[in-house]
Amino acid sequence: MKERYEFQAIEEKWQRYWTERQLHRTDTDSSRKKFYCLEMFPYPSGKIHMGHVRNYAIGDVIARYKKMQGFSVLHPMGWDAFGLPAENAAIKNNVHPAQWTYENVEFMKKQLNRMGLSYDWTREVTTCSPEYYRWNQWIFLKLLERGLAYKKASFVNWCPDCATVLANEQVVDGGCWRCDTEVIRKELDQWFFRITDYAEELLMGCDELNGWPERVVAMQKNWIGRSEGLEVDFAIEGSSQKLRIFTTRPDTLYGVTFMCIAPTHPLAELLTDDKTGLAAIKAKYGKEEEKEGFNTGRFAVNPFSGDRIPIFIANFVLMEYGTGAIMSVPAHDQRDFEFAQKYGLPVKVVIEPEQGEAASPPDAAFEGDGILTASAQFSGLKSEDARRKIIDYAEAQKFGTGRVHYKLRDWGISRQRYWGTPIPVIYCDSCGMVPVPEDHLPVILPEDARLTGAGASPLAESPSFLNVRCPKCGAPARRETDTMDTFVDSSWYFIRYCSKREEEPFARDNSDYWMPVDQYIGGIEHAVLHLLYSRFFTRALRDIGIVGMGEPFKNLLTQGMVCKETWKCAEHGWLFPEEVERGACSRCGKPVARGRVEKMSKSKKNVIDPDALIQRFGADTMRLFSLFAAPPERDLEWSDKGVEGASRFLHKLWAAVFRNIEAVRSARTCTVDPAALQNTSAAALLRKTHQTIRKVTDDIEKDYHFNTAIAALMELVNEITGFSPQHAADRAVLNCAIRNALLMISPFAPHVAEELWAEIGEQGSVFEHPWPAWNPALARDEEIELVVQVNGRLRAKILVPAGLSDAAATERALADAKVGEHTAGKQIVKIVVIQGRLVNIVVK
RNA sequence: GCCGGUGUGGUGGAACUGGCAGACGCGCCGGACUCAAAAUCCGGUAUCCGCAAGGAUGUGCGAGUUCGAUUCUCGCCACCGGCACCA
């Protein structure tokens, strides 16, 4: 055995061993209990960053731990490989997106393997490969069949200069990210998935997400945005048309003093002749600075009160929500109040607060619930009762219906770009829109597309792709040139993993066995979109009949960001850590300012390259630090000193084994008779070993608190370091302590654990051994420190045998000299005893 | 504005179900080894008063419940995140 811990050779050796032995391969084995451990797959941007390291280290510990617990573990990895950066790289460097992507994949895969991650690569998916995206197309066709995919005109972000559609994130301060031209809203035909059909189910499902962080569930609910209310038709004077509004406050219906409709409302054109005024409001549509509107001069009639009320067109009313028209109750809605003030409209109070008088004249809307007033037969009712009764009344009178609206909109999946899944639809002049027949899939991206970044979708300019025969009538036809949003790819990849690559993805045996994902791990940035889309997709696939359940992710862990302090030089701006030398800029020598601790990002240059770190300290150290510095869900502050600490621990572990190697090898046994040890340091070490097994197991099981688990392992190694074996029994205890320490350290630092496991004379991989169990009898302390308080203040600590009776504990506490000082001359009122912990004597 | 989170030593962070506040790591101080330094090892390290024994204070702030509160309740403050003219 080498005296020093040399990670380079060790890490390479064991990575090769795992690959050769195919140790991470998983098969569907229905006789065993399964555990599906999944980390969000990365976009192959070029190389991995610290966020990936943290994400994948967490997942790897869980996967390895569960394997040792006897589960059949599925732990796959793949690539979210479609997307814009590849296209941009293609434009910039004149490489094909596929080449750029696959080169990145290859490089990043090597990086992941250097981290010692236990992936079953036989299940790897790459979403840009035809064998993957053909199933996107297949699912699309199924959704189309069921009416869950449809096409409609909708507004997109359009850059007039580049003549292209931009994604929301490509619009920076209202301008194009590439040329700064002001982005306009342009109406185009777009494909949508009808996620709103599942709004209610997705919302109800939120209550079953017990294994998710509360805030993520809250964000999902918020996003779906259910609101219950009433739709009412208001007659329009001098027109047969009705104006339908939606309100969540039917109890304020008698307080309506005007109506507002969106500038894009279908009736807007009809209700006014002032086209320039309308255009002016349209231009300010959705702008938040100020509420603006204009009076159409037309009137509506409140079906409840018969009141004649003016109709306005207002920029703050959104066509996309509700009916695009609202009833305005300035007395009880702040926005309406402001609008009424501006245009001198009346304010009619119909709700009185239950306590206290309403301010009069009011200087703000009273938005709370209260008692109805001036509301005909509903006056005197409480808001809540009134809402129900008014809805009933409206339904009985047939001028309204109780309704539920959602903020959630249908999911627009059309992208006018190249590097995505072609939408499998063909347009024929005589047959119209024709789905590509299933046996013609996949519709493959053409190689000859020109990527320039300008003009329409590259697919529209590729004749070899565009021109096709109609599958129905055989006449010349055109392909759809939109590609799918890349969120489609990631909405079902976790189901793809359940089957091997050579198998079709929807073999029910496989998905029934593996799904749902038992533990999903990833960043909080996907709290809404990716997770919501995946929940929708899984339900849609369930209804199509190809998976058995609807909720894909049983437990979700959202890991915190990796942060680091920033450095700034007055002359050179943000600096990389290696550009700072003793508080000065390495380029100009000027002093640098230490900025805030922020998420690692290229723009702030506060980044650490994982490769450099592996080179210097090894993968085990890097993993250990990122798991030790903070609990997984919290942000982690990077610390070079902390990394050294992690490295020191592994050296210490190595040294402890090295120093005792002969003793441990010769012991060959882990069985010890505790009675023979008496009250020696060996007994203490044995106890510590069992206590550590208990603590580490509990910490992992309870919320994956690896930081405290590692702290406990450090304590155990410290105790091993301070122990020198004298007799055979001592050696057996030491063997037991080291064996168990290695087993427990193995998920965190797998390479060094394997190496030391071999050194102490064990056969095979440490991961083929079960996770250790603790013996409660051995973990129990013989003596405990009993805290004695007087009036809640700590006055003494006394050593007593464990399991001492309350009466005996009280007796010992009172006998203590220190305690005597504080109780002398006072009357004992009460004595509180907590078994094994403390005695509190209350005196007067 | 609404929803959620966080607040503990010089520092990252611990603390079961209301029971010793500060585990473990980092830093710092002292010591050993060394010609010396680094590395390593050993010891100390919340604050204040005190030579010490000891005492007092202390988990963002203010109340409350309790024998006892970092933990529970109420009211504030600060910071972070999400959503937001959603009718």
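Here the side chain of A/His705 pairs no donor or acceptor atom with the backbone of A/Pro631 at under 3.5 angstrom.
Looking at residues 695-713 of chain A, you'll see A/Asn707, A/Thr708, A/Ala711 sit with a heavy atom under 4.0 Å from some atom of RNA chain B. The stretch residues 222-230 of chain A comes close to RNA chain B through A/Asn222, A/Ser227, each having a heavy atom under 4.0 Å from the strand.
Where A/Phe628 and A/Arg4 meet RNA chain B, the nucleotide closest to each residue was compared, and A/Phe628 sits on the side nearer the 5' end. Looking at which nucleotide of RNA chain B each of A/Arg335 and A/Asn791 is closest to, the 5′-most match is held by A/Asn791.
Looking at A/Glu821 and A/Lys818, a side-chain N of the basic residue comes within less than 4.0 Å of a carboxylate O on the acidic one, giving a salt bridge.
Within 4.0 Å (heavy atoms only), A/Pro631 reaches sugar-phosphate atoms of the nucleic acid but no base atom.
Contact check, A/Asn840 against B/U66: no side-chain N or O comes under 4.0 Å of OP1 or OP2. A/Lys830 has a side-chain polar atom (N or O) that falls below the 4.0 Å cut-off from OP1 or OP2 of B/C67. A close approach under 4.0 Å does occur between a side-chain nitrogen or oxygen of A/Arg648 and OP1 or OP2 of B/U40. In this model, the phosphate group of B/G55 is approached by a side-chain N or O of A/Arg795 to a distance below 4.0 Å at OP1 or OP2.
Within 6.0 Å of CE in A/Met1 there are more than 12 heavy atoms belonging to other residues, nucleotides or ligands.
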Bracket string, RNA chain B, 5' to 3' - pairs by Watson-Crick or G-U geometry under 3.5 Å, | interstrand
(((((((..(((......[....)))((((((.......))))))((((....))))..(((((..]....))))))))))))....
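Distance check on atom C1': B/G58 versus B/U8 gives 10 Å, rounded to whole Å.
Checking B/C86, B/C26, B/C67 against the side-chain heavy atoms of A/Arg409 singles out B/C86 as nearest.
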